[in-house]
Amino acid sequence: MNLNSLKYFVDVIKLGNFTAAGKENLVAQASISQQIQQLENHFDCLLIDRSKNPVVPTEKGRVLFEESEKVLKQFTLLEKAMQENVSKKIRIQYSSIMDIQILAEILDEITPIDDLNIEIEKVSLSNIARCLNQKKYDFAVTFDSEFYEETDIETLVLYQGEYLAGVGTHHPLYKSKSLTMKQVYESKLIMLSPEKIGKSYQLMLNRSLNKQLEPQISNFADDVESELLLIQQKKLLGFFPEHYPLNLNNNLINLIPIIDNPHKYKIVLAYKEKNLDKRSRIFLNTVKKFKQDRKNQ
């Protein structure tokens, strides 16, 4: 006799037949029948009247049904209590090198203090909101654009800034100290593909159209490395967040401020309040304190 056989027995009684109990537990009907037979052999009595439809418990089966429900309920409470006391991993997703640098700075401050078990993983920006909604991760550290119209997802701003124009050495605007939006949009542009950057792409288009500007996007790239190469080879302009950690030692790409720039960004800590457990809330509160301490410095 084991807990599974008791659960199968309870489900057969509740659902009225063996087939439904098999579907409920994702096992074959034969497995349910076998487990019930083992229970009847163990107690040396008939537990279910199979001549009825739906099936019903015998008198002794009724006693086992009532007591089994108590056992299963107590085991559920036991599992919950153990889960709350076992060190649970806090799962955090990110999408870019900027995210991971900001996250690393936060973790460097808080993990020695709170002894939190942190697990981080890189995820495509276009998938981040979906992963939060599906409870695959507890938090996300990334650009806020992906949470546009995601009313159930809350965000805490960690960093914000403007986008700059990335210009290669062969481009006539390379030595400019600043550019206007008109100059940028009169140039051929390259962007990361919409499949990679998700809602950021459409929001960029919306901001541009609000300024009565239409970007001339001539190429898409799947990653930043490819984008940098194409900027140089094809004399294109690209958008990069300010302070983006590019390797500019060879001076092949110049990051230039844009006057009257509508393109701004925020890097946030995103989460769903209803998904947070005790340890996740500790992490969230610690990040809030970290942010406030930095603000006060």
Side-chain angles (χ1 to χ4, degrees), residues 1-93 111 114-124 127-140 150-154 270-285:
M1 183 178 66
N2 55 53
L3 284 173
N4 276 342
S5 61
L6 293 180
K7 184 177 187 308
Y8 295 163
F9 173 72
V10 168
D11 286 343
V12 168
I13 301 302
K14 284 184 175 180
L15 298 173
N17 64 73
F18 289 78
T19 301
K23 291 180 179 178
E24 173 71 17
N25 292 278
L26 302 177
V27 297
Q29 176 185 338
S31 296
I32 300 292
S33 298
Q34 184 181 31
Q35 292 287 332
I36 302 302
Q37 185 63 58
Q38 289 177 1
L39 281 176
E40 291 179 325
N41 292 340
H42 179 82
F43 291 109
D44 194 23
C45 64
L46 191 66
L47 296 172
I48 294 177
D49 185 348
R50 294 165 173 80
S51 65
K52 302 289 180 63
N53 187 16
V55 298
V56 295
T58 63
E59 183 177 347
K60 292 182 179 179
R62 174 67 60 184
V63 174
L64 180 63
F65 174 77
E66 293 174 353
E67 295 302 319
S68 294
E69 281 202 308
K70 295 177 185 178
V71 170
L72 292 171
K73 183 177 180 180
Q74 188 61 43
F75 182 73
T76 299
L77 293 174
L78 173 62
E79 280 192 318
K80 184 178 179 181
M82 289 301 296
Q83 288 172 358
E84 289 177 351
N85 284 276
V86 171
S87 178
K88 176 185 174 296
K89 289 183 179 179
I90 297 174
R91 302 159 301 169
I92 305 174
Q93 55 182 333
T111 49
D114 296 285
D115 193 28
L116 297 174
N117 190 4
I118 307 291
E119 182 178 85
I120 62 174
E121 186 172 347
K122 187 174 184 179
V123 178
S124 175
N127 291 326
I128 277 192
R130 179 173 57 82
C131 288
L132 271 184
N133 284 321
Q134 294 177 351
K135 300 182 181 180
K136 292 183 178 180
Y137 298 91
D138 304 299
F139 296 97
E150 295 283 348
T151 55
D152 288 342
I153 296 179
E154 300 186 46
Y271 57 94
K272 296 190 74 168
E273 179 69 31
K274 64 182 180 182
N275 291 350
L276 301 184
D277 61 11
K278 182 179 178 181
R279 294 185 66 80
S280 296
R281 292 184 189 282
I282 292 174
F283 174 79
L284 176 60
N285 291 332

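When a residue number appears, it is its place in the shown sequence, counting from 1.
I36 contributes atom CD1, which lies 11.5 Å from atom OG of S31 (distance to the nearest 0.5 angstrom). Atom NE2 of H42 is separated from atom CG of N2 by 10.5 Å, given to the nearest 0.5 angstrom.
Remark: side-chain polar atoms of S68 are paired, donor with acceptor, to backbone N or O of L64 under 3.5 angstrom.
With sequence neighbours left out, the side chain to side chain contact (heavy atoms under 4.5 Å, CB included) criterion links A20 to L15, N17. Looking at residues two or more places apart in sequence or on another chain, you find a salt bridge (Lys or Arg N to Asp or Glu O under 4.0 Å) between D49 and K52. For R281, the side chain to side chain donor-acceptor pair (under 3.5 Å) partners at least two apart in sequence or on another chain are E273.
Side-chain contact of Y137 with E121: a donor-acceptor pair under 3.5 Å is present, judged by distance alone. Between the side chains of N127 and Q93, not a single donor N or O lies within less than 3.5 Å of an accepting N or O.
A salt bridge does not link E59 to R62: none of the charged nitrogens lies less than 4.0 Å from a carboxylate oxygen. In summary, E119 and R91 do not engage in a salt bridge, as defined by a charged side-chain N under 4.0 Å from a carboxylate O.
Proximity of N275 to D138: side-chain heavy atoms (C-beta onward) are nowhere separated by under 4.5 Å. Residues R50 and F18 form a side-chain contact, since some pair of their non-hydrogen atoms from C-beta on lies under 4.5 Å apart. Side chains of N25 and K7 form a contact here, defined as non-hydrogen atoms less than 4.5 Å apart. A heavy-atom distance below 4.5 Å is found between the side chains of K136 and R130.
Remark: N41 CG is packed, more than 12 non-hydrogen atoms of other residues, nucleotides or ligands lying under 6.0 Å away.
Across V56, L47, I48, a single residue satisfies side chain to side chain contact (heavy atoms under 4.5 Å, CB included) together with I13, and that is I48.
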